[in-house]
Amino acid sequence: MEMIQRPRRLRGNPLLRKMVRETRVDQSSLVYPMFITEGENIKEEIRTMPGQYRYSTDRMGEKFSELLQAGVSSVMLFGIPAHKDEMGSGAYAHDGIIQRALQKAKKEFPELYLITDLCMCEYTSHGHCGILYKEDVDNDKTLEYLARAAVSQVQAGADMVAPSDMMDGRVAAIRAALDREGFTSVPVMSYAVKYASSFYGPFRDAADSAPAFGDRKTYQMDYHNSREALKEAQMDADEGADIVMVKPAMAYGDLIQKVHQMLHIPVAAYSVSGEYSMIKAAAAAGFIDEEKAVTEAAVCAYRSGAGIYISYFAKELAEYMKEGKLG
């Protein structure tokens with residue numbers, strides 16, 4: 001049988017397969033999400049995320065050292081305050097949990113790149129991502145508080161802020177506030193395409209941020225919609241976002257690809273808590289190979305167009321990369 005095209009020619013040798021690989025990844029693209037809590041001498045495993053922990057500031061350095069040794073130099077910090085109130089004051093307090101963590105991390109681990117999740121949900125007593133008016137989130141009022149939190153966190157040492165609240169206009173408000181304070185070089189990574197997803201369940205346990213009533217569907221996106229995602233991403237880019245994010249990653253590769261093709265700025269993908277916990281649970285039951293599932297999920301996100309991958313498996317992925325298992 002005469003065939004000119006034989007795709008298998010390029011698959012017959014492992015060195016050749018690696019030579020022609022279309023998707024290549026690097027440790028520098030990895031970001032590890034980490035929970036910082038009040039108190040002392042705390043390393044508390046998160047019940048719904050086996051192998052993940054809440055750290056007090058005096059013990060977070062243990063994880064930082066592990067990450068750096070593996071080759072992960074970027075972390076995204078989530079603060080869990082001891083006190084929550086209706087205005088989420090811990091998000092912008094000078095001595096808030098995230099501010100103290102940033103100051104300590106900057107001093108002791110200057111080689112780390114510190115990104116802060118910028119939202120009100122971890123800090124509000126009602127668990128919603130903004131300031132309430134009756135039982136609805138007041139979009140425009142919330143912008144003032146997000147801007148205050150951004151400035152406070154950058155003053156404490158954040159290298160980048162990542163607003164995850166999904167309020168309309170938040171990128172413009174944050175960018176203007178940072179610029180007024182002289183932080184013109186601090187980038188904003190916007191959670192531009194953030195769906196109201198069932199995959200966030202373990203995170204809400206980790207951060208103690210479940211809403212006290214209702215849900216977040218009036219500000220997070222309906223997962224039936226894709227054109228709306230492009231609108232959100234374009235709006236955030238136009239308002240000054242330096243990086244846009246798609247969240248979750250695993251089930252939304254089509255959106256990662258569409259945003260990547262539409263915009264000319266970096267695209268991040270967040271492999272969320274539910275993705276992590278599903279892989280962990282299935283692997284613990286012997287149903288799947290954890291290493292293979294983790295690497296496949298990551299490569300799928302990169303293949304779709306993500307240049308930055310935020311994952312609770314960041315340390316493991318960095319080690320797999322050293323071993324040549326991702327390319």
Side-chain angles (χ1 to χ4, degrees), residues 31-68 74-110 112-132 142 145-165 200-212 216 272-273 276-277 310 312 314-315:
V31 178
Y32 178 71
M34 189 167 167
F35 302 96
I36 310 299
T37 190
E38 298 276 9
E40 295 181 358
N41 194 31
I42 295 173
K43 181 184 176 182
E44 177 185 19
E45 188 169 29
I46 299 163
R47 180 183 60 84
T48 51
M49 299 178 70
Q52 298 300 310
Y53 299 84
R54 302 180 190 92
Y55 294 88
S56 53
T57 57
D58 60 329
R59 295 197 62 180
M60 64 184 182
E62 298 170 21
K63 189 63 179 183
F64 292 158
S65 296
E66 285 180 23
L67 291 167
L68 288 167
S74 299
V75 294
M76 179 180 284
L77 299 177
F78 295 82
I80 306 172
H83 169 73
K84 302 187 179 195
D85 57 42
E86 291 213 346
M87 309 308 287
S89 60
Y92 47 86
H94 175 70
D95 61 347
I97 180 61
I98 208 70
Q99 286 78 1
R100 285 183 279 119
L102 287 163
Q103 291 163 2
K104 186 175 178 63
K106 268 296 174 189
K107 183 178 179 180
E108 298 179 3
F109 294 88
L112 279 176
Y113 192 82
L114 303 173
I115 306 167
T116 52
D117 174 80
L118 182 57
C119 194
M120 308 300 288
C121 66
E122 298 111 294
Y123 304 94
T124 55
S125 53
H126 46 74
H128 278 283
C129 298
I131 309 303
L132 293 184
T142 299
Y145 289 85
L146 291 170
R148 286 178 65 182
V151 170
S152 175
Q153 292 173 9
V154 172
Q155 287 173 335
D159 296 301
M160 178 189 292
V161 294
S164 61
D165 54 283
Y200 302 153
F203 174 90
R204 290 170 183 167
D205 178 43
D208 188 26
S209 64
R216 295 178 175 140
V272 299
S273 59
Y276 173 88
S277 296
I310 304 162
Y312 300 96
K315 176 176 173 285

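Counting from 1, the numbers follow the sequence of the chain as shown.
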Report the C-alpha distance between Asp117 and Glu122 in whole Å, list the side-chain angles of each, state the deciding distance to 0.1 Å, and finish with yes or no for side-chain contact (heavy atoms from CB on, under 4.5 Å).
-> CA-CA 10 Å; Asp117 174 80; Glu122 298 111 294; 3.4 Å; yes
Is there a side-chain contact between Asp58 and Asn41 (heavy atoms, below 4.5 Å)?
-> yes
Results of side chain to side chain donor-acceptor pair (under 3.5 Å) for Glu62 - residues two or more places apart only | Arg59
Minimum-distance pair of heavy atoms, taken over all atoms of Val31 and Ala314 | O-CB, 3.9 Å
First locate atom OH of Tyr55, then atom NZ of Lys43, and finally report the distance between them rounded to the nearest 0.5 Å.
-> 4.5 Å
Does some side-chain heavy atom of Met34 sit less than 4.5 Å from a side-chain heavy atom of Met76?
-> no
Could you state the interatomic distance from CG (Leu146) to CD1 (Ile131), rounded to the nearest 0.5 Å?
-> 8.0 Å
Atom CD1 of Ile42 and atom CE of Met60: how far apart are they, to the nearest 0.5 Å?
-> 13.0 Å
In Å and rounded to the nearest 0.5 Å, what is the CZ to CD distance from Arg54 to Glu45?
-> 10.0 Å
Check whether any side-chain heavy atom of Leu114 lies under 4.5 Å from a side-chain heavy atom of Lys106, and answer yes or no.
-> yes
Would you give me the side-chain donor-acceptor pairs under 3.5 Å for residues 87-96, sequence neighbours excluded?
residue : atom : partner : partner atom : Å
Ser89   : OG   : Asp85   : OD2          : 2.5
Tyr92   : OH   : Met87   : O            : 3.4

From Ser56 OG over to Ile97 CD1, what is the distance, rounded to the nearest 0.5 angstrom?
-> 8.0 Å
Heavy-atom pair of closest approach, residues Cys119 and Asp165 = SG-CA, 3.8 Å
Is a side-chain N or O of Ser277 found less than 3.5 angstrom from the main chain of Ser273, in a donor-acceptor match?
-> yes
Tell me, do Tyr312 and Met49 make a side-chain contact under 4.5 Å, heavy atoms counted?
-> yes
Heavy-atom nearest pair, Ile98 first then Gly79, reads CD1-N, 3.5 Å
Minimum-distance pair of heavy atoms, taken over all atoms of Met120 and Thr142 | CG-CG2, 4.5 Å
Is a side-chain N or O of Thr116 found less than 3.5 angstrom from the main chain of Val161, in a donor-acceptor match?
-> no
Residue among Tyr32, Tyr123, Phe35 satisfying ring-ring contact (aromatic ring centres under 6.0 Å, His included) with Phe78 | Phe35
Rounded to the nearest 0.5 Å, how far apart are OG1 of Thr48 and OH of Tyr276?
-> 10.0 Å
